[in-house]
There are 2 protein chains.
Amino acid sequence: MTTYTPAAASARSGFSLDTLRYYERIGLLYDIGRTAGGQRVFTEDDLDWLGVLRCLRETGMPIADMRRYAELARHGDTTNAERLRVLREHAVELRRHIATLLEQEQHLHGKIRWYESQADGEPDPAALLAEPAAAPGP
Amino acid sequence: MTTYTPAAASARSGFSLDTLRYYERIGLLYDIGRTAGGQRVFTEDDLDWLGVLRCLRETGMPIADMRRYAELARHGDTTNAERLRVLREHAVELRRHIATLLEQEQHLHGKIRWYESQADGEPDPAALLAEPAAAPGP
DNA sequence: CTGGTATCTGGAGCGCGCTCCAGGTCAAGG
DNA sequence: CCTTGACCTGGAGCGCGCTCCAGATACCAG
């Protein structure tokens with residue numbers, strides 16, 4: 001069974017060493033193996049779990065919620081239904097977030113187009129009176 | 001010319017009073033009018049500008065960058081080209097961010113489907129040996 | 001065995017983006 | 001007028017998610 005040193009786990013997961021230790025301390029990582037001397041030993045499964053953490057983290061789940069999820073995961077398959085609930089709720093949140101980003105992206109491109117039109121029509125002095133802070137349209 | 005009290009500006013912009021004051025202190029808001037007694041008076045243009053700030057903020061632009069943008073805006077139309085550059089760069093960042101969110105959303109739904117399949121096929125004991133931490137597919 | 005690098009622990013510190021507070025001033029209704 | 005609620009300033013405090021540090025220990029190549 002392949003195992004990984006902390007440095008390797010850090011490289012593969014993309015989390016810093018300090019973050020890995022921090023995650024263990026606060027309960028996001030659990031049952032991490034140790035050598036006789038007390039150094040951490042990461043397994044493939046640990047790396048898979050870190051992948052899950054990365055997904056949740058990157059999609060904006062707060063650490064507190066991730067702790068709840070980790071707690072459920074630690075308690076075995078009897079918590080599957082609850083875990084499903086958590087993930088579904090998070091997916092809804094995520095969708096909302098993406099939606100507002102897409103919306104604001106439109107505004108942003110509206111402003112960009114406005115500036116582009118300014119660059120093109122530069123010699124027109126009347127255009128300079130327009131309000132750059134305002135959205136280009138009504 | 002319509003003007004707004006701080007409370008009204010807060011309500012319309014969605015920023016708290018404290019945030020509006022904070023934004024003025026750090027230079028995101030500038031040339032905000034005052035009454036004889038020193039109370040702020042917001043104009044329509046100020047609210048438009050707050051809309052811009054909201055867009056940039058919600059799309060994840062750091063305050064430091066917004067200050068740069070505000071500084072440019074404060075210096076009139078001669079900075080249009082630079083402002084355009086800033087917005088374009090931000091739009092690229094934003095696109096990248098949305099892309100990773102959409103990607104991770106797929107992972108998330110993959111995990112959700114996995115849990116759903118567990119719920120359905122519950123009586124199969126072999127399924128319980130599968131690793132919930134791992135992504136369902138390759 | 002020895003030296004050098006990797007890792008350990010507990011705890012302090014940091015950067016960001018607000019948010020709250022104290023102690024006072026302003027403005028509008030009665 | 002006078003009260004009452006909105007607003008003012010400067011500065012401290014906070015929640016989050018790490019990140020850094022000191023001082024000690026573990027592992028491994030030579």
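Keep in mind it's a predicted model, so treat the numbers as computed, not measured. Residue numbers start from 1 in every chain, and the chains themselves are labelled A, B, ... in the order their sequence lines are given, proteins ahead of strands.
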_Set out, in order, the CA-CA distance, both residues' side-chain angles and the distance that settles salt bridge (Lys or Arg N to Asp or Glu O under 4.0 Å) for B:Glu82 and B:Arg68, then state yes or no._
CA-CA 10 Å; B:Glu82 177 71 359; B:Arg68 252 175 46 75; 3.6 Å; yes
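Atom C1' of nucleotide D:dC16 and atom CG of A:Leu28 are separated by 13 Å, given to the nearest angstrom. The CZ atom of A:Arg67 sits 12 Å away from the C1' atom of D:dG17 (whole-angstrom rounding). Atoms CZ (B:Arg57) and C1' (C:dG17) sit 7 Å apart, rounded to a whole Å. Spacing between atom CD1 of B:Ile26 and atom P of D:dG10 amounts to 15 Å, rounded to whole angstrom units. As rounded to whole Å, 15 Å separates atom C1' of D:dG10 from atom OH of B:Tyr22. In this structure, A:Arg34 places its CZ atom 10 Å from C1' of C:dT7, rounding to the nearest Å. A straight line from CG of B:Leu56 to C1' of C:dG17 spans 15 Å, rounded to a whole angstrom. Rounded to whole Å, atom P of C:dT7 lies 11 Å from atom CG of A:Leu20.
Comparing D:dA26, C:dT19, C:dT7 against the side chain of B:Asp18 picks out C:dT19 as the nearest. Residue A:Arg21 has its side chain nearest to C:dT7 when only C:dC18, C:dT7, D:dG11 are considered. Among the nucleotides D:dT19, C:dC8, D:dG17, the one closest to the side chain of A:Thr19 is D:dT19. Closest to the A:Gln39 side chain, of the nucleotides C:dC8, D:dC8, D:dA6, is C:dC8. Nearest nucleotide to the side chain of A:Leu17, out of D:dT19, D:dC7, C:dT7: C:dT7. Which of C:dG17, D:dC20, D:dT9 sits closest to the side chain of B:Arg40 comes down to D:dT9. Checked against D:dG17, C:dT7, D:dT19, the side chain of A:Ser16 finds its nearest nucleotide in D:dT19.
Residues A:Ala7 and B:Ile63 both approach DNA chain C. Their nearest nucleotides, taken by heavy-atom distance, put A:Ala7 toward the 5′ side. Two residues, A:Met61 and B:Glu24, neighbour DNA chain D, and the one matched to the more 5' nucleotide by heavy-atom proximity is B:Glu24.
A donor atom on one side chain and an acceptor atom on the other are found under 3.5 Å apart for A:Tyr115 and B:Arg83. No side-chain donor-acceptor contact under 3.5 Å links B:His109 and B:Gln106. Judged by distance alone, the side chains of A:His107 and A:Gln104 do bring a donor and an acceptor atom under 3.5 Å apart.
Distances shorter than 4.0 Å separate none of the side-chain N or O atoms of B:Tyr23 from OP1 or OP2 on C:dG17. Remark: A:Thr5 is not in phosphate contact with C:dA6, judged by side-chain N or O atoms under 4.0 Å from OP1 or OP2. Note on B:Thr35: every side-chain N or O is 4.0 Å or more away from OP1 and OP2 of C:dC26.
A:Phe42 pairs with exactly one of A:Thr2, A:Ile32, A:Thr5, A:Thr3 by the side chain to side chain contact (heavy atoms under 4.5 Å, CB included) rule, that one being A:Ile32.
For the pair A:Arg54 and A:Phe15, the cation-pi test (distance below 6.0 Å, angle within 45°) is passed.
Residue A:Arg25 places a side-chain atom within donor-acceptor reach of the base of C:dG11, judged by atom type and a 3.5 Å distance cut-off alone.
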